[in-house]
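Let me begin by presenting the structure, written as C-alpha cells, before commenting on it.
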Amino acid sequence: MTYPQFPADAYSPTAGFLCPTPGVQVPGGPKAGSYAYGRIWATNLHAYLPQPGAERYRETYDEQASGDWIAWQYVTMDMSDGQTRVDAYDVKTKRAFEVWRASAANGVLLKMQLVGNQLWYLTQKVQGSGKAATVVTALHDDHLGTGADRVVLSRAAQGQSEVITDFAVDGSTVAVVEERAQDVLRSAVKIPFTLELDDLAHHRAVTVAHGENENPTTLQAANGIYAWSSNASGVMAYDSASGQLLHISSTPSYVAVGGNEVWWHAINSSAYGGENVMTGARLRFPSSVKPVGIVFSNGVGIVNTMHNTYTFTPNV
C-alpha cells in the first residue's frame, strides 16, 4: 500500500501513507526523473502533496498526520542554514500553507507535535550574550483552521534556572523536559533534567522523574504513558494510571508510544524492542522486519526498514 520507491513516515486515513522523497538524487536509488525531489507522496491520492514555496535542495522532515491534517518541516538537507520552516496541509480543503519559520525574532524550532487541527511546537532563542545571556523557550499551540497561535508555556532563564527542552502532548496534559539554562548555552558533560506533567485543564503541575543527559526530543506520550530516553538510563516510562516509573531498556534510543505499548530503536545500533506497559510483555516484530524507525500515526504503527514499510496495530 505504500509508494514502492520510498518508505512511509506517517499515515492519513484520507491521504494514505505519506512517503517523503529526498531533496536530491540518491546514489543507488530510483532512477533520475522517476520522482519529484523533496516532496511527500500520498498513496491514496496517487499524488504529491502541494509544497508551498518549493525550493531546490530542500526536503520535508518529521512528517506527521492527525485526523484530516498533515504537517511537516521543510529544511535544507543538512539543516545547516537555520531557515527551517513548518508547513501544513488541510486534507479536506486541499490547501497547503506555511505555519512558521525560523528567524531572529521567532527563534529556532526544537520540536513539534500535530494533534488534530492543533500544531504544538517548541521554540528557543537566546537574548543577550556572555554572562547576561538569557535562554527563552516557548511552547505554542497553533489552531491550523483559524491561524490563532497562543503560547501555552514559556520559560526565560539564566544560570541554574530551567527552560523547556522537550515536550509531548497527551490530551489536556503536556509533559515537558526542563534543563538548566547554563547547560543549554554550553556543552556540559552531565546535564540533569526534570520531567514535569502539566495538567492544563486543572492548572496544576507535578514532577514525576529526574534524569541525566536526555537524548534530545525523544519524549513521547499516549494514553497516560510518557516515555523518553537518556544516555544515563536508556529508555524509561512513567505510567500515570499506576504512578509507576518503568525501566524499558538500558539502550539510548528513539522512542514511540502507541496504545499500551512503548517501542524503541537504538540510536547507535540496530537493536530495538517493545514492551506492553499494562502486562509487562516484551515485544518484537517478525524476524524479517529490521527497523530503522518506528512511529505511530493516526493509530497505525509504522516501521521504516529503509527498503519498505511494515505496519502494525498496537495493543490498547
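We count residues from 1, following the sequence as given.
Once rounded to the nearest 0.5 Å, the distance linking OG1 of T123 with NE2 of H140 reads 3.5 Å. Interatomic distance, CD of E214 versus OG1 of T194, reported as 11.5 Å (0.5 Å rounding). Distance check, rounded to the nearest 0.5 Å: OG of S249 to CH2 of W264 gives 3.5 Å.
A heavy-atom distance below 4.5 Å is not found between the side chains of L49 and R39. Using a 4.5 Å cut-off on side-chain heavy atoms (C-beta onward), T251 and Y272 make no contact. When side chains are defined from C-beta on, L18 does not count as touching Y11, because their heavy atoms never get closer than 4.5 Å. Using a 4.5 Å heavy-atom cutoff, the side chains of I40 and E63 are in contact. Side-chain contact between I267 and N215 is present, with at least one heavy-atom pair separated by less than 4.5 Å. Considering only heavy atoms from C-beta on, E162 stays 4.5 Å or farther from E179 through its side chain. I302 has its side chain out of reach of D9: every pair of non-hydrogen atoms, C-beta onward, lies at least 4.5 Å apart. No side-chain heavy atom of V208 sits under 4.5 Å from any side-chain heavy atom of Y226.
Members clustered with L144: W69, V86, F97, V99, W100, L109, M112, L114, L119, Y121, by chain and number, using a 4.5 Å side-chain heavy-atom cutoff among hydrophobic residues.
Connection of V176 to L110 is established within a shared hydrophobic cluster, with ILVMFWY side chains joined at heavy-atom distances below 4.5 Å, either directly or through further cluster members. In the hydrophobic clustering of ILVMFWY residues, with side-chain heavy atoms under 4.5 Å counting as a link, I191 and L185 come out apart. One hydrophobic cluster holds both V115 and L122 under the rule that ILVMFWY side chains link at heavy-atom gaps under 4.5 Å. Using a 4.5 Å cut-off between side-chain heavy atoms of Ile, Leu, Val, Met, Phe, Trp and Tyr, with links allowed through other members, V184 and V136 fall into different hydrophobic clusters. Both I225 and V235 are part of a single hydrophobic cluster, where members link through side-chain heavy atoms under 4.5 Å apart.
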Exercise for the section: Go through the steps for W263 and V257 under the test side chain to side chain contact (heavy atoms under 4.5 Å, CB included), then give the verdict. Expected result: CA-CA 6 Å; W263 287 87; V257 181; over 6 Å; no
Practice task
Determine, step by step, whether D87 and Q51 satisfy the side chain to side chain contact (heavy atoms under 4.5 Å, CB included) criterion, reporting the C-alpha distance in whole Å, the side-chain angles of both residues, the deciding distance to 0.1 Å, and the verdict.
Solution key: CA-CA 8 Å; D87 296 325; Q51 176 56 61; 2.8 Å; yes
Exercise for the section: For the pair K290 and H265, evaluate side chain to side chain contact (heavy atoms under 4.5 Å, CB included) and give the outcome as yes or no after the intermediate values. Expected result: CA-CA 10 Å; K290 312 294 184 184; H265 68 99; over 6 Å; no
Exercise for the section: Check the pair M236, I248 against side chain to side chain contact (heavy atoms under 4.5 Å, CB included), reporting the backbone distance first and the verdict last. Expected result: CA-CA 5 Å; M236 303 291 295; I248 306 296; over 6 Å; no
Handout entry: Pair Q158-T134, side chain to side chain donor-acceptor pair (under 3.5 Å): steps then yes or no
Key = CA-CA 5 Å; Q158 298 176 330; T134 299; 3.0 Å; yes
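Side-chain atoms of S297 never come within 3.5 Å of backbone atoms of V300 as a donor-acceptor pair (strictly under, hydrogens ignored). Put simply, the side chain of S66 gets close to the backbone of G116: a donor and an acceptor are under 3.5 Å apart. A donor-acceptor pair is defined here as one N or O able to donate and one able to accept, closer than 3.5 Å; no such pair exists between the side chain of T305 and the backbone of V289. No donor-acceptor distance shorter than 3.5 angstrom exists from the side chain of D68 to the backbone of K92, with no hydrogens or angles considered. Side-chain N or O atoms of E59 include none that pairs as donor or acceptor with a backbone N or O of G38 at under 3.5 Å. Between the side chain of D62 and the main chain of W72, no donor-acceptor pair closer than 3.5 Å is present. In this structure a side-chain-to-backbone donor-acceptor pair under 3.5 Å is missing from S253 to V255. In this structure a side-chain-to-backbone donor-acceptor pair under 3.5 Å is missing from T137 to V163. Judged by distance alone, the side chain of S229 and the main-chain N or O of Y254 form no donor-acceptor pair under 3.5 Å. Between the side chain of H247 and the backbone N or O of S233, at least one donor-acceptor pair lies under 3.5 Å.
For the pair R180 and F193, the cation-pi criterion (under 6.0 Å, within 45° of the ring axis) is not fulfilled.
Taking all atoms of both residues into account, the shortest heavy-atom contact from N315 to E261 is N-OE2, 2.9 Å. T21 approaches Y37 most closely through the heavy-atom pair OG1-C, 3.7 Å. In this structure, L245 and A209 approach most closely via the heavy-atom pair CD1-CB, 4.2 Å. Contact between A181 and A157 at its shortest, heavy atoms only, is CB-O, 3.4 Å. Across all their heavy atoms, T309 and P7 have their closest contact at OG1-CA, 3.3 Å. Taking each heavy atom of F296 and G258 in turn, the nearest pair found is CE1-N, 3.3 Å.
Applying the ring pair (Phe, Tyr, Trp, His ring centres under 6.0 Å) test to Y89 and every residue at least two apart in sequence or in another chain returns nothing. For Y238, there are no ring pair (Phe, Tyr, Trp, His ring centres under 6.0 Å) partners two or more places apart in sequence or in a different chain.
Aromatic rings from Y48 and Y35 are positioned such that their centres are separated by 6.0 Å or more.
Between Y310 and F312, the angle of the ring planes stays under 30°, which puts this pair in the parallel group of the 30/60° scheme.
Crowding of R56 atom CZ: a count of heavy atoms from other residues, nucleotides or ligands under 6.0 Å not exceeding 12.
A salt bridge does not link D90 with R95: every distance from a Lys NZ or Arg NE/NH1/NH2 to an Asp or Glu carboxylate oxygen is 4.0 Å or more.
Among residues at least two apart or in separate chains, salt bridge (Lys or Arg N to Asp or Glu O under 4.0 Å) pairs with a member in residues 125-142 are D141-R150. Within the structure, salt bridge (Lys or Arg N to Asp or Glu O under 4.0 Å) contacts touching residues 194-205 (residues at least two apart or in different chains) are R155-E196, D199-R204.
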Less than 3.5 Å apart, which donor and acceptor atoms pair up between the side chains of residues 164-175 and the rest of the protein, not counting sequence neighbours?
from: T165; atom 1: OG1; to: V177; atom 2: O; distance (Å): 3.4
from: D166; atom 1: OD1; to: K111; atom 2: NZ; distance (Å): 2.9
from: D166; atom 1: OD2; to: T217; atom 2: N; distance (Å): 3.4
from: D166; atom 1: OD2; to: T218; atom 2: N; distance (Å): 3.2
from: D166; atom 1: OD2; to: L219; atom 2: N; distance (Å): 3.0
from: D170; atom 1: OD1; to: N223; atom 2: N; distance (Å): 3.2
from: D170; atom 1: OD2; to: G224; atom 2: N; distance (Å): 2.7

